[in-house]
Amino acid sequence: MTKKKTSNSEEYLRMYTQMARIRAFEDQANKLYLSAKMPGLTHMYSGQEAVAVGICEALKKTDHITSTHRGHGHCVAKGAEFKQMFCELLGKEEGYCRGKGGSMHIADQANGNLGANAIVGGSAGIATGAALSAKNLGKDDVTVCFFGDGALGQGLLYEVMNMASLWSLPVIYACENNLYGEYTKVEEMAAGELTGRAKAFGIEAFELDGQDVLAVNNLSQKLVARARNGEGPFFIQLNTYRYHGHHVGDINREYYRPKDEEKYWKEERDPIINFGIWLAKENIATTAELQTLRDQVNQDAADAVAYALDASYPLAEEVDMHVFI
Amino acid sequence: MTKKKTSNSEEYLRMYTQMARIRAFEDQANKLYLSAKMPGLTHMYSGQEAVAVGICEALKKTDHITSTHRGHGHCVAKGAEFKQMFCELLGKEEGYCRGKGGSMHIADQANGNLGANAIVGGSAGIATGAALSAKNLGKDDVTVCFFGDGALGQGLLYEVMNMASLWSLPVIYACENNLYGEYTKVEEMAAGELTGRAKAFGIEAFELDGQDVLAVNNLSQKLVARARNGEGPFFIQLNTYRYHGHHVGDINREYYRPKDEEKYWKEERDPIINFGIWLAKENIATTAELQTLRDQVNQDAADAVAYALDASYPLAEEVDMHVFI
Amino acid sequence: MRSITLSQAVNEAIAEEMRRDETIFLLGEDVAEAGTPFKILSGLVEEFGTSRIIDTPISEPGFTGIAVGAAMTGSRPIVDLMFGDFLFLVMDQLCNQAAKTHYMSGGKLNVPMVLRTNLGATRRSAAQHSQSLHALVAHIPGVKVVLPSSAYEAKGLLKTAIRDNNPVVIFEDKLMYQDKSEVPEEEYLIPFGQANIVRQGTDITLVGTSSMVQVAEKAADILAKQGISAEVIDPRTIVPLDEDTILSSVRKTSRAIVIDEGHQSYGVTAEIASRISEGAFYHLDAPVQRMGAMDVPIPFSPALEDLTVPTPERVAIRAMALVKGELTYAI
Amino acid sequence: MRSITLSQAVNEAIAEEMRRDETIFLLGEDVAEAGTPFKILSGLVEEFGTSRIIDTPISEPGFTGIAVGAAMTGSRPIVDLMFGDFLFLVMDQLCNQAAKTHYMSGGKLNVPMVLRTNLGATRRSAAQHSQSLHALVAHIPGVKVVLPSSAYEAKGLLKTAIRDNNPVVIFEDKLMYQDKSEVPEEEYLIPFGQANIVRQGTDITLVGTSSMVQVAEKAADILAKQGISAEVIDPRTIVPLDEDTILSSVRKTSRAIVIDEGHQSYGVTAEIASRISEGAFYHLDAPVQRMGAMDVPIPFSPALEDLTVPTPERVAIRAMALVKGELTYAI
Ligand SMILES: Cc1ncc(C[n+]2csc(CCOP(=O)(O)OP(=O)(O)O)c2C)c(N)n1
Ligand SMILES: Cc1ncc(C[n+]2csc(CCOP(=O)(O)OP(=O)(O)O)c2C)c(N)n1
Ligand SMILES: [Mg+2]
Ligand SMILES: [Mg+2]
């Protein structure tokens, strides 16, 4: 952990809570899948919580984010509620997208989340466009584009980084390097240095421990402020790890990823555990208080799941609504 | 000029001739347009001759190139004949593509030219694929991908440079920076350093005076040899200039490009004039000999035009031939 | 009434709408000082400045994606795609993103963007600069598809497109940019989904889109000389499609030819012909005829290119055969 | 005869062809050790090594372009495109480059590549992972389009595709990967452009593609119980399309329904229905019916998704109405 500033204890606890909420959400989502109650597949964000929370806690509600197929964490971190999220995952009418989007398209317009995206790298243009829009309309909103290391393979990203740089747009490209894209290692997919991909376009680029929520938040605060000030764009590479398989169904994964590696990240690098230890050490919260907090969050998630399971599906009439406005 | 090696006088004269042939070809093509004998529009390569010739003279016949909308120079440099080229430009059956491709799709398979391309950047994949193919099939052929500064805007290029780097493919990306893409300056289209775009993918990149045919040829020889040897890919930025408008119809262009600038390049930086001066100075050829050579080349071009104007169009039956093989 | 070119009509439509609504901006290649290679947008950057008339790098997928994001967040972008053939480059952003956002978000997000591009062959521009690809976009739910057939149509339809809250793709006919037609000085809009009966007739219905409206009209002239009265219908928008106007006409005439410059197979003519066959089956005296572009890449050679697209003469010949009952089975 | 899954059939087809011809290689995302997310290609990298079964970065336009170039220079690449929805990303390389190269070069270059991808909804994968986009490719001259409807078909058609000297796109039905059918041990190829009469019948022709062949067969079962004899035809390839077999059938039955999982409007059903209406006009007792996917982005919610695609029940209902003469005008 990089920063000690107990005057911020409320913020710290909020970050801890948000990380815990993401973890709780994903644990429930995974259970839903394992108990065959979830339609389709979904991608767990567990392990990467410090990235979404560290960044989103540096944003205002009106700032925008774009998200990915692994998008629950971003959604929670940007302010979404469990109930509407679970309803969406289960295809229910009360879901954020009335059940029409599902996990891979969950969006939360009211909190500035422009949506998950099932096309890898597909939201790079959208994020950059939101930044251009803000600039053009005279708003000081900043947009964060979340994407995985795998999305570095998509040419679209380079096209829009070039324009963001040419036009000094208030956008931050947040590359979550969790070491894999599906079942392939990042080094087999990406030549050269990842941050070099942004520097080539004259974009200031940073590499960071994505498990350290304070470090992520500190840098984000600075870059968001600078972006608001017209000094953008920026690029951050956040080194992190996904605990689960590529999706909930990816159970036997030793052929591409050693168990030891998973063990190391889960036991030594867990962003929630480590931040908890630090909070206790700094006397911001006791271990027991943190436990209570996590219990509460877990209960909230379980309640929301129960609610969503009972909620109703959209009516058949909805099927051809919302094609056009 | 960077190299003096009079033992190579035959090669030097060949380079001079090839450059003169390109210039002669373009002058005739322009005349065809101005006299309304050319169907459609075409893009003149005049001014950039040292790039195509310097590079192609470093290649074997079985090496491949891919070309651009501004492709006559590459085509001549890779060994094509005037007659079939003019026939193609006029849509005649004896053209390299039986008149079906025209200027923007001229290809010369027999000499390893995989074709011009009317999609900016559209041949980056093709060139990289030709390199992969050569490697896979155990051939030692090298592929050169010609493209303009404007093509740096296309994401496809970054996707394939990444793969070329990951897989060490024998491909050379030759970026002809002629300062403009259509009516827009390169600095308004490209953020950062151009060579940085390749270095980001771990590709060795070079910047070079594209008006100096010997410099271009020397570097090309080296890189082609290294690529043949499995040390590719490489990237070369060749700084050059197009003398005409974006296409033959782009006549009033002062609003985007000052006359002075054109004058400077044409008078001070002409690759043919300057190489001619050097050849004379080195006693490789007299000014008169070079004049004779240029006269001959001009005559050849004029004869080929006359031939092509008289040649016949493909028969109507051809219209639905060659959709499938 | 004054006459202006289609190019001027487009320019006016954009200028008027941009004056009315500050959230509109336009982006694309060489749109500012150069005013596009077709000189359609000349003068706009002088009035609206470079933050609203934005020159982009040659990055079609990128700037289309940027437009999608801008449209989702309060702006109303107009994308200038220099050639319709470049649609292939932007399909993901247009069809996976823009077209689906409103639906996928359960109606919460929307994408009020216009993508202006063009169609049309016979300019000797060869296979990658001559395609008419509107059928591809029409197949994807969530995008409206507009095909103006004159300067008048172009202005009224483009203004409607700019005010629409959905993604709209408008295809201008490249060969028509310098064609003039009467265009009122006063503001007008042409609603989507309302076909135009260009000419009344009783013997046969010619449904023509975009460039093919003129072709149908000229064919109707030829037919008139033979005593055949052709009704010419311009659907104006193919999504939404005004089936009613087309069906009423065919129920009256009992014969129809659908003419479109896209490739014939799996294209626009098939959809319109099918809807006619479904909705006017018992009125039809003969199978609905389709005339699209040949199913070949557009050849460069003038000797070949002109063979690939429907012409007034070929339409008239087909119409006469139809009227004379010579097309009992397939062509 | 042994039965194997469609997934195994594809695997066998590729392995057999790769053994036969060393110039064939395969590339795509997670195709090597992972054997694709659908586990279709498991075992191939072990036999053929990483230079012939190539894992790529997530760069669909890039690796499709690479395949085009490789195909132009002596290799025969097979591109694995994980989801049919990603076609939008590769349209330029597929349709502007691969499809046109042979024609534009006057027959001198050719592009013997296969792009394997899939189609099909109802997997709860939502709007960007459920599309059936074969109509888009079929509209572009120069690409063959193949739609296998079983393991047997998949193997025979894929082998033909790999030996074809043109760009071929083959769409597998995602929901069928684990479906078994009888597949001989001996080598066989299924020629393109030759429809399969899956079941003989006299009262109505059901033309079904890909996933919809099973739907048509099940509908035929339902109809049989009602005393209605349906002929089921699987075109196998929609480019080239075997019009003759379809027309012969409709001339016999006088009624037809075309069923396809792509969106209905401007899609495959329109083309096939049009060809039937043109070629069997005077034999038709009622308008040809079209049943495609609804013109909506595919919704995630199971409650909605299942409504969007044709089912055996809905096909049977439509067929009965048709046979009973209830569909005199439009539906
Ligand atoms: C354009 C595209 N190609 C392929 C896929 C299939 N796919 C889904 S997630 C994924 C891996 C993405 O890796 P990364 O960006 O690193 O994100 P992570 O899953 O690691 O969070 C792939 C290949 C897709 N959804 N979109
Ligand atoms: C994908 C695509 N976008 C736009 C165009 C239109 N266009 C043709 S040439 C050109 C400029 C290309 O600039 P550059 O690559 O620098 O080549 P140069 O013309 O300078 O040789 C443009 C925009 C095109 N042909 N293809
Ligand atoms: Mg990853
Ligand atoms: Mg240039």
Side-chain angles (χ1 to χ4, degrees), chain A residues 119-128 131-132 145 147-169 171 173 175 177 181 184-205 207 231-235 237, chain B residues 119-128 131-132 145 147-169 171 173 175 177 181 184-205 207 231-235 237:
Chain A
I119 300 298
V120 167
S123 72
I126 295 171
T128 310
L132 175 63
C145 179
F147 57 97
D149 47 287
L152 292 169
Q154 292 284 330
L156 179 75
L157 180 67
Y158 304 98
E159 299 190 1
V160 299
M161 287 202 299
N162 183 40
M163 286 183 267
S165 178
L166 283 170
W167 307 337
S168 304
L169 298 183
V171 55
Y173 300 99
C175 177
N177 178 13
T184 303
K185 289 191 176 27
V186 60
E187 57 268 28
E188 288 166 31
M189 294 204 294
E193 299 245 309
L194 305 193
T195 50
R197 308 289 182 93
K199 289 180 191 155
F201 298 92
I203 297 179
E204 257 182 78
E207 185 178 345
E231 296 171 48
F234 300 103
F235 180 102
Q237 173 187 338
Chain B
I119 302 298
V120 167
S123 73
I126 295 171
T128 311
L132 175 62
C145 178
F147 58 97
D149 48 287
L152 292 168
Q154 293 283 330
L156 179 75
L157 181 68
Y158 303 98
E159 299 190 1
V160 300
M161 286 203 299
N162 182 40
M163 287 183 265
S165 178
L166 284 170
W167 305 337
S168 304
L169 299 183
V171 55
Y173 299 98
C175 177
N177 178 13
T184 303
K185 288 192 176 25
V186 61
E187 56 269 29
E188 288 166 30
M189 294 204 295
E193 298 247 309
L194 305 193
T195 50
R197 309 289 181 93
K199 288 179 190 155
F201 297 93
I203 296 179
E204 257 183 79
E207 185 178 345
E231 297 170 48
F234 301 103
F235 181 101
Q237 172 187 338

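Just so you know, these numbers use all the heavy atoms, side chains as well, and skip hydrogens, waters and symmetry mates. Chain letters run A, B, ... following the sequence lines, proteins first, then strands; residues in each count from 1.
Residue contact with chain A, scored on non-hydrogen atoms closer than 4.5 Å, involves the backbone of B:Met189 exclusively.
In terms of heavy atoms, B:Ala200 sits closest to A:Ala200 at CB-CB, 4.0 Å.
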Report every donor-acceptor pair between chain A and chain B with a separation under 3.5 Å, backbone and side chains included.
| residue | atom | partner | partner atom | Å |
| --- | --- | --- | --- | --- |
| A:Gly155 | N | B:Glu159 | OE2 | 2.6 |
| A:Glu159 | OE2 | B:Gly155 | N | 2.5 |
| A:Asn162 | OD1 | B:Ala191 | N | 2.8 |
| A:Asn162 | OD1 | B:Arg197 | NH2 | 3.2 |
| A:Asn162 | ND2 | B:Met189 | O | 2.8 |
| A:Met189 | O | B:Asn162 | ND2 | 2.8 |
| A:Ala191 | N | B:Asn162 | OD1 | 2.8 |
| A:Arg197 | NH2 | B:Asn162 | OD1 | 3.2 |

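The choice from B:Gly153, B:Gly202, B:Ala191 that makes the most heavy-atom pairs within less than 4.5 Å of chain A is B:Ala191.
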